[in-house]
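Accompanying notes for the structure given below.
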Amino acid sequence: MKKSFSFTNKEIAKIFNEIAAAYQVKEDNQFKVAAYQKAAVSVEHATSEIKDLWDDNKLDQVPGIGKNIASYLDELFRTGKVKHFEEIKRDLPPAMFEFLKIPGVGPKTAYALATKLNIKSAKNAIERLKKAAKEGKVRVLENFGEKSEKDLLEGIISLEKGELKTKRMLLPYADNLASEIVNYLKNCPQVLQVHPLGSLRRMVATIGDIDLSVCTKSPEKVIDYFLKFKKIRTVLDKGKESLVRVILLSGQQIDLRLSLPESYGAMLQYFTGSKQHNIELREYALKKGMSLSEYGIRLINLPQKPLKKFADEESFYHELGLSWIPPEIREGRGEIEAAKSNSLPRLIDNKEIKGDLHLHSNFDIEPSHDLGASSPEEMIEEALRLKYEYLGFSEHNPSTSQHTEKQIIEILKRKSEFFEQIKYSIERVKKIPIKILNGLEIDIKPNGELALPEKAFDYLDYAIASVHTNFNLSREKMTQRVLRGLQHPKVKILGHPTGRLLEEREGYELDWELIFDFCLKNNKFLEISAWPNRLDLPDILVKDAIAKGVKVVINSDSHHVEQMKLMKYGVAVARRGWAESKDVLNSQPWEKISQIFNI
DNA sequence: GCCGTTTTCGGCCCGACTGTTTTCAGTCG
């Protein structure tokens, strides 16, 4: 292996952002600035470590990284630094890059502050800037004033308090909160339509702010009605007809945007984003002589540049010669191309889900992890309500530290008998049209062995293999571990494949090409766990997997009957990964499942 | 500096808001 220096994606993104800032200060080509910013975003959002891609000679797969930046990355990984970058930053005060962390401070402002206040070194730079602002030394600088000095000070204080790192909400939490307000608004007679906007409408795994839009002919009346909502604590600003911001009792900020019916479509499209989708859409439109905005479409080749309005999104996209693009895939990942050639995927729908193969009932299996809280009967009842055709119970394996092999086999035998009885009662006696599967979720030990004696497998219909311990193995070792764990013929599913916990823990690194190939050859399925802080496999990897022909299975991982309805968030992840019904195991009929599981 | 079924050269998203200014520059989403 070649000798190399390690940099995380975050560190690389920071380097690129600093180069962009440096070029901005030097008033270099603005598109070069944009190129580095784009590269930074791309690196930050990558699902693989850039270092690993470099190792595998795959840097050209990263959008926004071309020949030049790739060569700089090569130098960075080989030598630990980039001469060209050092050159660019040489005559700039290091302190200015610290100042960029302050909200409202961009490159030009940061540079002006650092040079005019003579704060050069990065050490304690922000502290020294704060002192200068407190002493009134900022307001006297050219292009600064009392207000900007005050804003600067407030910005520094909120940075110090860590207020800027506001945690993002998990999707189901934000979705519930928004639904409550949406339902409230729908009761207002002047409200014609309500939609969530932004990341919530796109069903991203975590949500920053909740934005909602209302279509109405009388915005003032809707605003009055909205402000009577019981859970509002503070009104931040109103008076405008198009926007109200409030803080709820829970501390959550809600932005409500209002639009007249004739231009609602353009507004909805604009604020749904994503930013990347909109940028690409506008670039695409420009080539057709059209300029897009939240108000509509302007024909820029005509002298008076008339604005055409759109009442709905469908007509907006059609005007551009595109089919309507579902919000979940508006991420700038090829959807515009697909819409143009009329080849958008027919995304999997909640109604197409025919079963749930990852449930933890309260059958006492003496597990190493948590036991479920609901009985199989309760879960079966809920499954019928959800119109499922089949249901798989996969409790955690019995704890290996507290049982002998013999005891574990005994417990599995008991579980099998217990579920055979349930199957008999459901299928034969009560003649309820649902198939029950007796499964298990088994730990993959660090060496890749499964935490279950071979003989115990005889008592299972199928198994899910998951990593629950020792997350910090190298990518190679983790990949070998997972591949070994998947080898057993009874193991059909890799549970929550990256092990990430949203807002808590990064997932472990795997060599996805090897995993995908293995799944494809051996008929294994990657789980999309609908569990709120997992939503794992992540959407981008779902898209990669499906492009390779690998199939996924969407499971709720319910430990309580109430959690079974969280399935829809797993479906959202699948949709964001461009999954169609054919790509999803549990949208297949029972015959197909029984064939694949050899039951 | 990136990128490509209208281009390997010549393009590169759009508008709101704010503060310091008398017409704009910087920041943000």
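Hydrogens, waters and symmetry mates play no part in the numbers below; they use all other heavy atoms, side chains included. Letters A, B, ... mirror the listed sequences (proteins, then strands); counts begin at 1.
At a threshold of 4.0 angstrom between heavy atoms, the contacts of A/Val105 are confined to the sugar-phosphate backbone, with no base atom among them. Using a 4.0 Å heavy-atom criterion, one finds that A/Lys108 contacts the sugar-phosphate atoms exclusively. Counting any heavy atom pair closer than 4.0 Å across all strands shown, A/Ile69 reaches sugar-phosphate atoms only and no base atom. Backbone-only contact: A/Phe144 has heavy atoms under 4.0 Å from sugar-phosphate atoms and none from a base.
B/dC28: Watson-Crick or G-U partner is B/dG15, with both key distances under 3.5 Å.
If you check B/dG1, B/dT20, B/dC14 against the side chain of A/Leu286, the one that comes closest is B/dC14. Side-chain atoms of A/Thr109 lie closest to B/dT27 of the nucleotides B/dG1, B/dT27, B/dG15. With B/dC14, B/dT27, B/dT20 as the choices, the nucleotide that has an atom nearest any side-chain atom of A/Ser148 turns out to be B/dT20. For A/Tyr295, the listed nucleotide lying nearest its side chain is B/dG15; candidates were B/dG29, B/dG15, B/dT21. Proximity note for A/Asn29 (side chain, C-beta onward) versus B/dG29, B/dG1, B/dG19: the nearest is B/dG1. In the set B/dT20, B/dG1, B/dT27, B/dG1 carries the atom at the smallest distance from any side-chain atom of A/Ala35.
Ring-plane geometry between A/Tyr317 and A/His277 is classed as tilted, the angle between the planes lying from 30 to 60 degrees on a 0 to 90 degree scale. Taking the six-membered ring for Trp and thresholds of 30 and 60 degrees, A/Phe229 and A/Phe226 have nearly parallel ring planes, at less than 30 degrees apart.
An OP1 or OP2 oxygen of B/dG1 is reached within less than 4.0 angstrom by a side-chain nitrogen or oxygen of A/His84. At B/dG19, none of the side-chain N or O atoms of A/Asn143 fall inside 4.0 Å of OP1 or OP2 (strictly under the cut-off). The shortest distance between the side-chain N/O atoms of A/Lys147 and the OP1/OP2 oxygens of B/dG19 is below 4.0 Å.
In this structure, A/Gln269 places its CD atom 13 Å from P of B/dC14, rounding to the nearest Å. The interatomic distance linking A/Arg257 (CZ) with B/dG15 (P) rounds to 15 Å, in whole Å. Atom P of nucleotide B/dG26 and atom CG of A/Leu152 are separated by 16 Å, given to the nearest angstrom. Taking atom CZ on A/Arg245 and atom C1' on B/dG29, their separation rounds to 10 Å, with Å as the unit. The CG atom of A/Asn68 sits 5 Å away from the P atom of B/dG1 (whole-angstrom rounding). To the nearest angstrom, C1' of B/dA16 lies 8 Å from CD of A/Glu294. We find that NZ of A/Lys275 is positioned 11 Å from C1' of B/dT27, with the value rounded to whole Å. A/His277 has its NE2 atom 14 Å from the P atom of B/dC14, to the nearest Å.
For B/dT21 and B/dA25, the C1' atoms lie 10 Å apart once the distance is rounded to whole Å. A gap of 14 Å separates the C1' atoms of B/dT27 and B/dT20, to the nearest Å. Look at the C1' atom in both B/dT7 and B/dG11: the space between them is 8 Å, to the nearest Å. Taking the C1' atoms as reference points, B/dT23 lies 15 Å from B/dT18, given to the whole Å. Across the C1' atoms, B/dC3 and B/dT8 are found 9 Å apart, a figure rounded to whole Å.
Positionally, the nearest nucleotide of DNA chain B for A/Glu146 lies more toward the 5' end than for the other of A/Pro107 and A/Glu146. Mapping A/Tyr72 and A/Asp151 onto DNA chain B by nearest heavy atom places A/Tyr72 at the nucleotide closer to the 5' end.
Enclosure of atom NZ in A/Lys14 is not indicated, since only 12 or fewer non-hydrogen atoms of other residues, nucleotides or ligands lie within 6.0 angstrom. For A/Glu506, the CD atom sits in a loose shell: 12 or fewer heavy atoms of surrounding residues, nucleotides or ligands are nearer than 6.0 Å.
Residues A/Tyr225 and A/Tyr184 place their aromatic rings such that the two centres sit under 6.0 Å apart.
Between A/Glu98 and A/Lys123 there is no salt bridge, since no side-chain N of the basic residue sits under 4.0 Å from a carboxylate O of the acidic one.
Contacts of A/Phe77 classified as ring-ring contact (aromatic ring centres under 6.0 Å, His included), with partners at least two apart in sequence or in another chain: A/Trp54.
Glycosidic conformation of B/dT7 is syn; the angle stays within 90° of 0.
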Sort me out a list of protein N/O and nucleotides 3-7 of chain B N/O pairs below 3.5 Å, or just none if empty.
| residue | atom | partner | partner atom | Å |
| --- | --- | --- | --- | --- |
| B/dC3 | OP1 | A/Gly64 | N | 2.8 |

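Annotation: side chain to side chain donor-acceptor pair (under 3.5 Å) contacts involving residues 208-220 of chain A, sequence neighbours excluded, comprise A/Ser213-A/Tyr264.
For the pair A/Lys32 and A/Tyr23, the cation-pi test (distance below 6.0 Å, angle within 45°) is passed.
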